[in-house]
Amino acid sequence: MSEPNTLTAVRLAKRAELAAAGLRPYGAAFPVSGDVGEVRASFAEGRKVAAAGRVTARRDMGKSHFLDISDHSGRLQVYLQDKALGEEGVRIYELLDIGDFVGVEGECFTTKTGEPSIKAEKFVLLSKSLHPLPEKWHGLQDVEARHRQRYLDLISNEHARAVFAKRFAIIREIRSFFEERGFLEVETPMMQAVAGGAAATPFETHHNALGMDLFLRIAPELYLKRLLVGGFTKVFELNRNFRNEGVSRRHNPEFTMLEAYWAYADFEMMAQLVEDLVCRVAERVCGGLKIEHTDAEGRVTRVINLSRPWRRARYRDLVEEAEPGWFARDVSGRRNRAVELGLDISHCLEDYEVTQHVFEKLVEEKTIDPCFVTHCPKELIPLAKTNPEDPAVLDVFELVMNGQEIAPGYSELNDPVVQRERLVEQSGGEQHKIDEEFLQALEYGMPPAGGMGMGIDRLIMLLTGADSIREVILFPHLKPKAE
RNA sequence: GGGUUGGUAGCUCAAUGGUAGAGCAGCGCCCUUUUAAGGCGUUGGUUGUGGGUUCGAGUCCCACCCGACCCA
């Protein structure tokens with residue numbers, strides 16, 4: 001903590017004075033009738049209740065006082081009269097600050113302005129706060145402070161509370177969706193000897209006792225597939241992945257990923273599953289399939305329509321639709337056209353990568369309503385089956401909506417010989433990047449299966465209208481602030 | 001990593017290169033149904049950090065720290 005300013009000094013003095021008077025400034029257990037919101041919801045004239053919360057406003061009227069106490073669930077008014085408080089209670093009240101936690105017991109009553117309130121008969125201090133809270137009307141505005149001191153954001157900004165309440169409701173719904181469909185939630189290693197299952201730079205760490213380097217996982221995929229080998233038929237994992245890459249509006253070094261694998265299914269069944277999942281979550285948590293994003297003034301800036309059935313279209317057709325004649329050009333023609341389109345095309349890019357740039361810019365960024373992009377070129381993904389009719393493309397989808405990739409799904413590659421070839425190709429000769437133990441598992445036989453992954457933070461951005469991933473992660477990555 | 005932009009009281013914000021201010025919060029009084037309560041009075045600043053230009057810098061210049069937005 002920095003040098004106490006005068007406001008903190010005043011509060012420290014009050015703390016000392018309370019302690020000296022035997023009025024414990026940090027309280028004890030205080031049984032309550034419920035959270036503040038629950039007490040308010042169960043309000044009944046004359047009922048005796050006990051409630052506790054943080055003081056977020058006080059209004060003095062001579063010898064009577066009003067306090068607002070708050071927690072995550074809402075706000076409730078407390079009415080105090082010096083006469084009813086007694087000497088000790090009055091002393092506590094005199095030394096009270098906005099931000100302190102208090103406990104009250106008393107009767108429910110409605111003031112003449114119609115505000116449900118508790119008329120306090122007992123009033124105790126539960127925790128003394130040593131710092132002033134953000135301004136009561138504007139809340140905490142400073143973006144950096146909102147992320148660095150998220151607790152202050154949660155105390156003072158209703159919108160932040162609502163976004164995170166929604167986040168955790170969404171995650172709960174996802175779990176119950178999979179459980180109802182017979183999927184088992186499992187846990188696989190976060191620390192892996194080979195960081196497989198995706199193309200990304202991992203974080204490195206070191207195991208001292210074993211003298212070995214380990215990587216934080218970039219995906220759980222290769223372990224979940226081992227479970228299919230082991231006889232599980234429907235599994236999912238909903239937890240953190242780590243990627244040692246840039247931080248941006250859409251990227252946090254650690255992020256929440258859902259992956260699910262379904263034996264004997266394929267990518268089309270997975271697409272249906274994903275559509276069912278997202279629609280159910282939207283209906284239960286967002287109240288419908290039309291998701292409106294608004295700006296700070298409440299104007300609607302974007303509407304995402306999740307109405308079914310969702311569009312399904314082939315990768316090649318979407319590129320051709322966005323840029324007619326694209327595939328009629330030759331390799332250098334495509335490269336030149338991409339430069340004309342204002343794309344940053346470096347000389348070392350392969351032809352399929354040039355097309356991928358066009359896809360990202362002209363298709364992905366402009367796709368707001370959900371679209372399953374299917375049959376992507378096989379160079380992009382090493383872990384999926386090729387299409388039986390066209391070996392240049394894969395039996396996969398990439399779900400795009402809100403201008404972002406949200407969820408890939410595959411008919412999972414289960415031929416160990418082909419899988420080895422594809423991984424060797426992808427590794428660019430770096431043998432240590434190949435998970436030999438995964439390949440060995442595949443050699444024992446993995447059933448044909450459908451698999452899917454979903455970036456949960458991006459899904460939550462979509463469903464809450466957040467324009468930055470930092471708005472949906474409680475404690476986003478920030479550089480430490482120098483003293 | 002590059003470009004643009006920001007950092008002023010605990011918080012929200014002002015301040016042509018010319019005495020750093022307001023509201024909230026705090027402190028002191030008044031007020032027994034208020035709710036952004038109200039009334040009177042009042043404290044609080046190394047203007048992110050370090051240099052420079054200038055008679056004079058919150059303001060202009062340079063470097064650095066921490067953000068935001070855009071690009072890679």
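Every chain is numbered from 1 and lettered A, B, ... according to where its sequence line falls, protein lines coming before strand lines.
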Set out, line by line, the N/O atom pairs under 3.5 Å between protein and nucleotides 27-33 of chain B.
| unit_1 | atom_1 | unit_2 | atom_2 | d |
| --- | --- | --- | --- | --- |
| B:C27 | OP1 | A:K14 | NZ | 2.4 |
| B:C31 | N3 | A:G62 | N | 3.1 |
| B:U32 | OP2 | A:K63 | N | 3.2 |
| B:U32 | O4' | A:M61 | O | 3.1 |
| B:U32 | O4' | A:S64 | OG | 3.3 |
| B:U32 | O2 | A:Q81 | OE1 | 2.9 |
| B:U33 | O2' | A:K112 | NZ | 3.2 |
| B:U33 | O2 | A:K112 | N | 3.0 |

Tabulate protein N/O versus nucleotide N/O from nucleotides 11-14 of chain B, keeping only pairs under 3.5 Å, one per line.
| unit_1 | atom_1 | unit_2 | atom_2 | d |
| --- | --- | --- | --- | --- |
| B:C11 | O2' | A:E135 | N | 2.8 |
| B:U12 | OP1 | A:Q141 | N | 2.9 |
| B:U12 | OP1 | A:D142 | N | 3.0 |

Could you go over nucleotides 42-47 of chain B and give all protein N or O partners under 3.5 Å, atom names and distances?
none

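If you take CD of A:Q77 and P of B:A37, they are 10 Å apart, rounded to a whole angstrom. A:D153 places its CG atom 20 Å from the P atom of B:G10, with the value rounded to the nearest Å. Counting to the nearest Å, the P atom of B:U35 and the CD1 atom of A:I98 are 15 Å from each other. For the pair A:I469 CD1 and B:C69 P, the interatomic distance rounds to 12 Å; values are reported in whole Å. Going from atom CG of A:L80 over to atom P of B:U35 covers 17 Å, rounded to whole Å. Rounded to an integer number of Å, the gap from CG of A:L67 to C1' of B:A37 is 13 Å. Following rounding to the nearest Å, A:W137 (CH2) and B:A22 (C1') show an atom-to-atom distance of 18 Å. Nucleotide B:C65 holds its P atom 16 Å from the CG atom of A:L478, rounded to whole Å.
A:R11 places a side-chain N or O within 3.5 Å of a backbone atom of A:H131 that can act as its donor or acceptor partner. Checked by atom type and distance alone, the side chain of A:R148 pairs as donor or acceptor with a backbone atom of A:K479 at under 3.5 Å. A side-chain donor-acceptor contact under 3.5 Å links A:E320 to the backbone of A:F327. Panel note: side chain A:R335, backbone A:L349; a donor-acceptor pair is recorded below 3.5 Å. At least one donor-acceptor pair under 3.5 Å links the side chain of A:R334 to the backbone N or O of A:R329. Formation of a donor-acceptor pair under 3.5 Å by the A:E353 side chain with backbone atoms of A:E350 is found in this model.
Look at the C1' atom in both B:U46 and B:U4: the space between them is 29 Å, to the nearest Å. Taking atom C1' on both nucleotides, B:G56 is separated from B:A20 by 15 Å, rounded to a whole Å. Using P as the reference atom, B:G58 and B:A9 are 14 Å apart when rounded to the nearest Å. Distance noted for atom C1' between B:C24 and B:A14: 15 Å (whole Å). Separation of the C1' atoms belonging to B:G23 and B:A63 is 36 Å when rounded to the nearest angstrom. For the P atoms, the distance from B:U59 to B:U42 is 31 Å, rounded to whole Å. On the C1' atoms, B:U54 is 12 Å away from B:C61, given to the nearest whole Å. When the P atom is compared between B:U8 and B:U12, the two are found 8 Å apart, to the nearest whole Å.
When A:F397, A:Y315, A:F267, A:Y410 are each tested for a ring-ring contact (aromatic ring centres under 6.0 Å, His included) with A:H375, only one passes: A:F267. Of the residues A:L459, A:L238, A:N239, A:V274, the one that meets the side-chain contact (heavy atoms from CB on, under 4.5 Å) test with A:L258 is A:L238.
Taking the ring centre of A:F255 as origin, the terminal cationic atom of A:R458 falls outside the region bounded by 6.0 Å and 45° from the ring axis.
The phosphate of B:A68 has OP1 or OP2 within less than 4.0 Å of a side-chain N or O from A:R470. Between A:R249 and B:C69 there is no side-chain polar atom (N or O) within less than 4.0 angstrom of OP1 or OP2. Taking 4.0 angstrom as the limit, A:R59 places none of its side-chain polar atoms (N or O) nearer than this to OP1 or OP2 of B:U34.
Within 6.0 Å of CD in A:E360 there are more than 12 heavy atoms belonging to other residues, nucleotides or ligands.
Judged by Watson-Crick or G-U wobble contacts below 3.5 Å, the nucleotide B:C27 has B:G41 as its partner. A 3.5 Å limit on both hydrogen-bonding distances identifies no Watson-Crick or G-U partner for B:U34. Of the nucleotides present, B:C66 is the one that pairs with B:G6 by Watson-Crick or G-U wobble criteria, both distances under 3.5 Å.
Under the 6.0 Å cut-off for aromatic ring centres, A:F109 and A:Y79 qualify, their centroids lying closer than that.
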Check: residues 162-173 of chain A side-chain donor-acceptor pairs under 3.5 Å, at least two apart:
| unit_1 | atom_1 | unit_2 | atom_2 | d |
| --- | --- | --- | --- | --- |
| A:R167 | NH1 | A:D457 | OD1 | 2.9 |
| A:R167 | NH1 | A:V472 | O | 2.6 |
| A:R167 | NH2 | A:T256 | OG1 | 3.2 |
| A:R167 | NH2 | A:D457 | OD1 | 3.1 |
| A:E173 | OE1 | A:R280 | NE | 3.3 |
| A:E173 | OE1 | A:R280 | NH2 | 3.2 |

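Judged by atom type and distance alone, A:E115 does not reach the base of B:U34 through any side-chain donor-acceptor pair under 3.5 Å.
Where A:G342 and A:D467 each meet RNA chain B at their nearest nucleotide, the meeting point lying more 5' is that of A:D467.
Contact annotation for A:R148: backbone-only contact, meaning every heavy-atom pair under 4.0 Å involves sugar-phosphate atoms and none involves a base.
Scored by the side-chain contact (heavy atoms from CB on, under 4.5 Å) test, A:Q77 finds A:R59, A:F66, A:D68, A:T111, A:E115, A:S117 as partners (sequence neighbours excluded).
Identified under the side chain to side chain donor-acceptor pair (under 3.5 Å) test for residues 42-55 of chain A, with sequence neighbours left out: A:E45-A:T110, A:K48-A:E121.
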